[in-house]
Structures are given as structure tokens and as C-alpha cells.
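Okay, structure first, notes after.
Heavy atoms only: backbone and side chains are in, while hydrogens, waters and symmetry mates are out. Throughout, numbering of the chain's residues begins at 1 and tracks the sequence. What you see is a predicted model, and the numbers here were worked out from it, not measured in a lab.
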Amino acid sequence: MGILESKPSLYAYTLNELKSLLSPSFRAKQVYHWLYHRYENNIALMDNISKAMQEHLQSHFIISQITPVQIEKSSDGSKKYLFQTKDGHTFESVLIQMKSKELDESGEIVKGEKWTMCLSSQIGCKVGCAFCFTAKGGFVRNLNAGEIVEQVVMMKRDSNIAPNKRVNIVYMGMGEPLHNLANVSQAIKILAELDGLSISARRQTISTSGIAPKIKELGELNLGVQLAISLHAVSDELRSKLMPINKAYNIAEVLNEVRAFPVDSRKRVMFEYLMIKGVNDDIKAAKKLLALLNGIKAKVNLILFNPHEGSEFERPLMEDVRAFADFLVKKGLLCTIRESKGIDISAACGQLREKIKRENGEITQKSKKAKV
């Protein structure tokens with residue numbers, strides 16, 4: 001179980017890359033249609049492809065690398081997925097329903113649902129943020145590009161979301177995306193393929209804890225992707241306590257790279273700010289945040305801490321969150337309060353994974369006792 005499947009996944013290639021591997025090359029476009037428009041993961045069912053080509057594909061490639069082992073659905077329409085990899089590890093993804101379907105009086109659809117998909121880039125994480133549940137599970141390995149892309153296909157298929165339905169992608173699940181930049185950037189290109197899912201890079205956001213050299217490297221790739229910075233504190237002292245990565249790349253270093261990052265003229269750099277009761281949620285912190293972001297085309301997204309077992313932190317009072325946001329807005333800084341989604345399921349990142357691991361351990365212990 002510790003060795004990954006030796007054959008690569010078809011989900012790991014851009015269209016041009018697949019064309020270079022198949023002869024005749026037009027077969028690549030047919031395969032793409034089956035993968036991303038029909039959500040087909042069985043090569044034998046691709047019936048407009050010759051038997052010889054099917055055999056070639058089966059000999060040299062696989063399709064699916066991940067399997068959903070548990071799905072939790074929230075009352076607000078959001079879903080949390082626990083996926084298992086070929087080598088037996090688990091990680092999470094989340095499908096967030098941002099807006100529900102709107103119907104007119106006759107029952108016709110006026111506006112469709114709006115979806116955001118929160119993808120994982122690693123199994124576990126090396127960063128070790130004090131407030132993050134994922135850190136409790138340690139780091140296992142990077143996800144490959146195919147495993148990242150397949151999260152989107154799986155969630156679309158499971159929720160009957162049409163292939164041409166635009167969704168937003170955020171790399172904000174388990175892991176630090178910039179610690180796995182090669183695979184994440186490959187996944188961004190694949191998801192943006194016009195003959196595939198056609199999710200523009202402008203609809204994809206990489207959230208980073210602030211790996212300053214990698215922010216620069218990401219900018220030089222010129223993918224057109226959006227950038228989000230997990231800031232969470234306005235002083236190096238507090239940020240280093242919450243996020244040990246700050247000891248390597250402090251706030252000033254991170255902001256210097258953000259200022260140099262190529263931003264779409266219609267977009268802003270998002271700064272995620274996790275509000276924790278009594279830690280970073282007062283107006284004094286809001287004033288410091290305003291000063292830090294001076295001169296940056298920024299948007300602040302306030303996130304209410306999501307309580308989980310074993311955490312020392314508490315969810316902030318809504319009145320304090322609103323006061324924080326109102327101060328920033330009055331000073332001209334765009335600020336939103338992230339609406340909590342999936343609060344009635346295992347919402348904190350990594351929580352479902354650890355819960356299932358714990359339950360499986362309890363089952364194992366019970367089984368051992370039963371045999372005695």
C-alpha cells in the first residue's frame with residue numbers, strides 16, 4: 001500500500017501533452033471529452049475510441065487515483081469529501097454552495113447555483129499553524145496533479161454539476177499549495193483547458209501561508225491565477241506564535257513579494273484573516289492591518305475561527321467581527337465576512353479525516369478485545 005500506482009493518470013496531462021503521447025493525436029481530444037464532459041473513468045466504455053487505442057490506454061495509463069470513502073452533507077448544501085488514495089492515505093475536499101438556485105413563478109430557473117470547490121494539495125501539512133486541525137495529522141506527501149484535478153471531477157460528478165457549469169476553485173484545503181507548486185501549477189493548467197472543464201485561471205485562487213520565495217516563483221510562472229495570503233496577525237510576534245512559518249518569512253518579506261506579484265487589473269490580492277476571540281479581533285488590530293496593507297490593492301476576508309476538539313482558541317463574538325469589518329470599510333479597505341458554511345458537519349479542515357481515523361482505531365481496538 002506504500003507504493004503509488006506506477007502508471008500515470010490521464011488526469012495529469014494538459015491536452016497538448018496528451019496529444020504528444022497518443023497517435024493519432026486527435027484521440028487526445030476524444031479522451032478529454034470522455035474525462036471532462038462525460039465524467040467517464042472506465043476506458044473500456046469510451047466507445048468511439050478503437051479497441052487498439054483502448055488497449056494502449058489501459059496498458060500505459062490509469063484514470064482514477066482517488067476514491068470517496070465518506071461524504072458529509074450540510075443543511076446549507078455544502079459537502080465535505082474524504083478521499084482515499086491508491087496508497088491508502090486520506091485527505092479532504094469541500095464543495096461549497098455559495099448561492100442556491102433561483103426559480104421564477106412558473107418554476108423556470110432564473111439563476112443557477114454558484115459553487116466553490118476547496119481543493120487539497122497535500123496529504124497533511126508541514127506548516128503547523130497553531131489553529132489548524134490538519135497540522136495534528138502531520139505531513140505525509142504531496143498530491144500529484146492528477147489527484148488534484150480528480151477532486152474537481154469527482155465532486156462535479158457526485159453533485160450532477162454540468163461540465164460547462166463554471167465553478168470557482170480555491171487551493172485552501174489540506175496542505176500548503178506553494179510547497180507543492182509544480183503539481184498545483186500543472187493542475188491549474190489542466191483545469192483551465194478549453195476542451196476540458198474550462199475553469200479559467202482567473203477563477204482559481206492559491207492560498208498560501210506566506211512562502212515568500214515561492215510567491216515570487218508563482219508570479220514568474222504568469223499563470224493568471226489569483227493570490228490569497230493567510231495573514232491572521234498584524235505583528236510578527238503573534239503571527240510567529242500562530243504560524244511558525246513567519247519565523248522564516250516575516251510579514252514584511254511576504255508583503256514585499258505581494259507588492260511585486262502580477263495581479264489582474266480587475267482583481268485584488270485577498271488577505272485571509274482568521275478572527276480568534278481575544279487574540280486578534282479588536283480595533284487596535286484592525287488599525288494595524290489597515291497600515292500594513294497600505295498601497296496594496298487588497299481585499300480582506302474575515303474568517304470566524306471554527307472550533308474543533310483540542311483547540312485552545314474560541315470563536316469570536318459576531319459584534320466584534322462586525323466592528324472590525326466596519327472600521328476597515330469606513331477607511332476604504334474592501335472587507336468581507338466569510339459566511340460560515342458546513343458548520344453542522346466536520347467543517348474544520350482535517351477534522352473529518354482525523355475523526356474517521358480515530359473511529360477506525362476504536363473499531364480495531366474493539367475487534368482485538370472481541371477476539372480475546
Side-chain angles (χ1 to χ4, degrees), residues 3-68 83-87 89 91 93 117 119-123 141-158 160-167 169 171 177 180-204 206 221-225:
I3 300 174
L4 282 170
E5 172 70 53
S6 58
K7 290 186 288 188
S9 169
L10 287 168
Y11 287 126
Y13 298 100
T14 64
L15 183 57
N16 281 337
E17 287 169 346
L18 198 55
K19 283 179 178 179
S20 71
L21 295 173
L22 300 182
S23 181
S25 61
F26 73 83
R27 292 296 185 194
K29 200 167 183 177
Q30 290 178 316
V31 170
Y32 246 61
H33 180 81
W34 283 105
L35 294 177
Y36 300 113
H37 292 257
R38 302 287 290 274
Y39 301 149
E40 185 55 68
N41 60 6
N42 186 341
I43 292 170
L45 296 180
M46 298 179 178
D47 56 18
N48 66 338
I49 295 176
S50 69
K51 288 293 182 186
M53 178 56 73
Q54 286 183 9
E55 290 172 5
H56 175 79
L57 292 172
Q58 288 168 335
S59 297
H60 293 85
F61 306 96
I62 59 169
I63 297 181
S64 186
Q65 296 180 96
I66 61 175
T67 305
F83 290 115
Q84 186 171 54
T85 59
K86 289 282 186 182
D87 54 348
H89 299 294
F91 68 91
S93 309
M117 294 182 173
L119 307 186
S120 288
S121 55
Q122 297 179 309
I123 301 171
R141 67 171 175 84
N142 288 331
L143 292 173
N144 63 48
E147 289 169 324
I148 297 171
V149 170
E150 193 176 356
Q151 293 172 58
V152 180
V153 177
M154 282 276 194
M155 289 190 281
K156 276 201 160 196
R157 181 197 293 130
D158 178 67
N160 296 312
I161 300 174
N164 61 352
K165 174 69 176 176
R166 297 291 184 263
V167 299
I169 301 294
Y171 297 88
N180 188 19
L181 183 54
N183 285 308
V184 170
S185 60
Q186 175 73 351
I188 289 166
K189 295 173 191 174
I190 295 165
L191 292 171
E193 284 281 5
L194 294 177
D195 288 297
L197 291 176
S198 192
I199 303 170
S200 165
R202 286 180 293 133
R203 286 182 171 270
Q204 301 187 55
I206 287 183
L221 290 174
N222 201 27
L223 297 172
V225 72

Crowding at CZ, R202 (>12 non-hydrogen neighbours, <6.0 Å) | no
Any side-chain heavy atom of Y36 within less than 4.5 Å of one from I190?
-> yes
When rounded to the nearest 0.5 angstrom, what is the spacing between OH in Y171 and CG in N180?
-> 10.5 Å
M155 vs I161 side-chain heavy atoms within contact, under 4.5 Å = no
May I ask you to decide if I66's main-chain N or O and K86's side chain share a donor-acceptor pair within less than 3.5 Å?
-> no
Salt bridge E147-R141, side-chain N to carboxylate O under 4.0 Å | yes
Main-chain N/O of H56 paired with H60 side-chain donor or acceptor, under 3.5 Å = yes
Who pairs with K29 by salt bridge (Lys or Arg N to Asp or Glu O under 4.0 Å), at least two apart in sequence or on another chain?
-> D195
Side-chain heavy atoms of N183 within contact of L143, under 4.5 Å = no
Locate the shortest heavy-atom distance separating L22 from M53; write the atom from each residue and the value.
-> CD2-SD, 4.3 Å
Could you tell me whether the side chain of E55 and the main chain of A52 form a donor-acceptor pair under 3.5 Å?
-> no
Under the side-chain contact (heavy atoms from CB on, under 4.5 Å) rule, what do K19 and T14 come out as? Steps first, then yes or no, please.
-> CA-CA 9 Å; K19 283 179 178 179; T14 64; over 6 Å; no
Side chain proximity check, L223 to Q204, heavy atoms < 4.5 angstrom | no
In short, I63 meets E150 closest at the heavy-atom pair O-OE1, 4.0 Å
Measure the CZ-CG distance between R38 and L45 for me, rounded to the nearest 0.5 Å.
-> 9.5 Å
Please examine the side chains of P163 and Y39, heavy atoms only from C-beta on, and report whether any two atoms are closer than 4.5 Å.
-> yes
Between the NE2 atom in H37 and the OG atom in S198, the distance rounded to the nearest 0.5 Å is 8.0 Å
Output yes when a side-chain donor or acceptor of K189 lies under 3.5 Å from a complementary backbone atom of A201, and no otherwise.
-> no
Hey, mind stepping through M154 and T67 against side-chain contact (heavy atoms from CB on, under 4.5 Å) and telling me if it holds?
-> CA-CA 9 Å; M154 282 276 194; T67 305; 5.6 Å; no
Do you see a donor-acceptor pair shorter than 3.5 Å between the side chains of Q84 and Q65?
-> no
Minimum-distance pair of heavy atoms, taken over all atoms of Y13 and L21 = CE2-CD1, 3.5 Å
In terms of heavy-atom contacts, L221 and S185 come closest through CD1-CB, 4.1 Å
I would like to know whether I199 and V152 meet side-chain contact (heavy atoms from CB on, under 4.5 Å); could you show each step before the answer?
-> CA-CA 10 Å; I199 303 170; V152 180; 4.1 Å; yes
For V149 and L191, work out which heavy atoms get closest and say how close.
-> CG1-CD2, 4.0 Å
Just wondering, do L35 and M46 contact through their side chains at under 4.5 Å, heavy atoms?
-> yes
Taking atom types as modelled and ignoring hydrogens, do the side chains of S93 and Q151 form a donor-acceptor contact shorter than 3.5 angstrom?
-> yes
Calculate, to the nearest 0.5 Å, the distance between atoms OH and CG belonging to Y32 and L194 respectively.
-> 10.5 Å
Hits for ring-ring contact (aromatic ring centres under 6.0 Å, His included) against F83, two or more places apart or cross-chain, chain-then-number order -> Y81, F91
Do I206 and I188 have side chains that get closer than 4.5 Å, going by heavy atoms?
-> yes
Under the 3.5 angstrom rule, does the side chain of Q186 hit a backbone N or O of A12 as a donor-acceptor pair?
-> yes
Which atoms form the tightest heavy-atom contact between R203 and R166, and what is the distance?
-> CZ-CB, 3.6 Å
Can you find a side-chain donor-acceptor pair between N48 and W34 that sits under 3.5 Å?
-> yes
Please walk me through it: do R27 and S50 pass side-chain contact (heavy atoms from CB on, under 4.5 Å)?
-> CA-CA 10 Å; R27 292 296 185 194; S50 69; 4.1 Å; yes
For the pair S120 (side chain) and Q122 (backbone), establish whether a donor and an acceptor sit closer than 3.5 Å, ignoring hydrogens and angles.
-> no
Which value, rounded to the nearest 0.5 Å, describes the distance between Q30 atom CD and L18 atom CG?
-> 11.0 Å
Would you tell me whether T85 and D87 have side-chain atoms, one donor and one acceptor, within less than 3.5 Å of each other?
-> yes
dist I148:CD1 -> S9:OG (nearest 0.5 Å) comes out at 11.5 Å
Can you tell if the side chain of I49 reaches within under 4.5 Å of the side chain of V31, non-hydrogen atoms only?
-> yes
